2 protein chains.
Amino acid sequence: MGPTKTRQDWTSAALGVIASVGVERLSVERLATELGVTKGSFYWHFSDRAALIESALLWWEEQGTDRVIAELEGIADPAARLRLLLLTAFGDLEHGPVDVALAARGGDALIGPIIQRVMAKRVDFVTEIFAELGSTPAQARRRGRIAVATYIGHFQLRVALPNDRYLAKPAKPYIDELMEIIAVPST
Amino acid sequence: MGPTKTRQDWTSAALGVIASVGVERLSVERLATELGVTKGSFYWHFSDRAALIESALLWWEEQGTDRVIAELEGIADPAARLRLLLLTAFGDLEHGPVDVALAARGGDALIGPIIQRVMAKRVDFVTEIFAELGSTPAQARRRGRIAVATYIGHFQLRVALPNDRYLAKPAKPYIDELMEIIAVPST
DNA sequence: ACCTGAACACCGTTCAAGT
DNA sequence: ACCTGAACACCGTTCAAGT
């Protein structure tokens, strides 16, 4: 494995950096040093730093959202689908950190559109579950938004309250509480 | 008003920049230009850029959390206290953006401690309300965390779903739904 | 096809010198 | 007491030149 790097090499390395220290500390020069090439070579693969970040986020969209939705879509019973979604989402300590690093940047000119698209997909998916559970369309959508907001905030609280045991390792009572609160019988 | 600037001048200007474009794009040089002085003068007031950010966040802690809690603490009825808190928190389109810019940075070495302290204060305040409403201590705390997580996620969704009417201008039905969901009668 | 090396701009930080 | 101006380091970006 000589000094030749592929686009995917840069992309994967970038997503790792984003997850661990955030987008803003992603430095082309440092990445180049880690990969054992000069920063000049980076510009053969990408037009600029922004293009690298965009590439990393598209990869994140695919793995963290599209794949999960595709897997759960097949479950016919909406309550079972919701429960497995909560278990998957709140239990996935792998994707949580990336979500935390990105959630606040929906207004960003560059990555905002990607984040907006991902959040819309998530709200739509949960809204559909509530609709099947018997909510009116408007109520299902309100609850869909609240559910996704709760998910985002959950992983941010995990890092904001590092000494909280329940958050550190989401326990079953916590998920049960979420189910009880979120899936409250509709009007 | 000559070129002489106070520490508070720098602090206020910094919080404004943080709210509008985020911590990472806070540039000492640009701030200095805006204030009409050279960046060299900045280092007479502050030891470094980090000290400026810390000063801005302490100001944020005081105005956005301590002051609100102090105001609501006097309300004896816990249900009324909760409702007014939700109305205040979800209706405050002034402080929301700063929260969005900061919520994800709880792991940061510099500002993490401040954010952690603020989040803990908020969770404690809501936990107390649930306890007074009749929840067991453990359940009250779980619901306190969920409530704060929902608040954080709410303002992040606002920027992630800019075309969503309910989020753009939090309507009464939305707050009602929150009350109904969050303040569900305890076991 | 992919990389190096040198150049330039922008910004954080320091510090001697000014008023 | 507060500010300027020059200096240096780090990083994004460009590009001619190498293999």
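What you see is a predicted model, and the numbers here were worked out from it, not measured in a lab.
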Original post:
Can A/Glu24 and B/Arg105 be counted as an ion pair, charged N to O under 4.0 angstrom?
Top reply: yes
Original post:
Counting just side-chain N and O atoms, does B/His45 come under 4.0 Å of either OP1 or OP2 of D/dA1?
Top reply: no
Could you list the protein-to-nucleotides 11-15 of chain C atom pairs, N/O on both sides, closer than 3.5 Å?
from, atom 1, to, atom 2, distance (Å)
C/dC11, OP1, B/Arg30, NH1, 3.0
C/dC11, OP2, B/Glu29, OE1, 3.4
C/dG12, OP1, B/Val28, N, 3.2
C/dG12, OP2, B/Ser27, OG, 3.4
C/dG12, OP2, B/Val28, N, 3.0
C/dG12, OP2, B/Glu29, N, 3.0
C/dG12, N7, B/Lys39, NZ, 3.0
C/dG12, O6, B/Lys39, NZ, 3.2
C/dT13, OP2, B/Tyr43, OH, 2.8
C/dT13, OP2, B/Arg49, N, 2.9
C/dT13, O5', B/Tyr43, OH, 3.3
C/dT13, O4, B/Lys39, NZ, 3.4

Original post:
Just how far, in rounded Å, is P of D/dC10 from CZ of A/Arg25?
Top reply: 17 Å
Subject >> Rounded interatomic separation in angstrom, taking CH2 from B/Trp44 and P from C/dA16 >> reply: 18 Å
Original post:
Using a 3.5 Å cut-off on both pairing distances, which stems of three or more Watson-Crick or G-U pairs include DNA chain D?
Top reply: C:4-8 with D:12-16, C:12-16 with D:4-8
Original post:
Judged by atom type as modelled, is there a donor-acceptor pair below 3.5 Å linking the side chain of B/Asp124 to the main-chain atoms of B/Lys121?
Top reply: no
Report all interatomic pairs (protein N or O, nucleotide N or O of nucleotides 17-19 of chain C) with separations under 3.5 Å.
none

Subject >> Transitive ILVMFWY side-chain link B/Trp44 to B/Phe42, under 4.5 Å >> reply: no
Subject >> Electrostatic pair A/Arg142:B/Asp176 at N-O distance under 4.0 angstrom >> reply: no
Subject >> Residue pair A/Thr65 / A/Arg122, side-chain donor-acceptor N/O under 3.5 Å >> reply: yes
Original post:
Is it the case that A/Asp99 and A/Tyr151 place a side-chain donor and acceptor less than 3.5 Å from each other?
Top reply: yes
Original post:
Do A/Arg49 side-chain atoms and A/Leu26 backbone N/O form a donor-acceptor pair below 3.5 Å?
Top reply: yes
**OP:** Would you please test A/Asp66 and A/Arg117 for salt bridge (Lys or Arg N to Asp or Glu O under 4.0 Å) and show each step?
**Re:** CA-CA 11 Å; A/Asp66 295 345; A/Arg117 192 170 57 220; over 6 Å; no
Original post:
Whole Å only: how far is the CG atom of A/Leu35 from the C1' atom of C/dC2?
Top reply: 14 Å
**OP:** Tell me yes or no: between the side chains of A/Gln8 and A/Ser12, is some donor less than 3.5 Å from an acceptor?
**Re:** yes
**OP:** Can you see which heavy atom on B/Glu54 is nearest to which on B/Ile114, and at what distance?
**Re:** CG-CD1, 3.8 Å
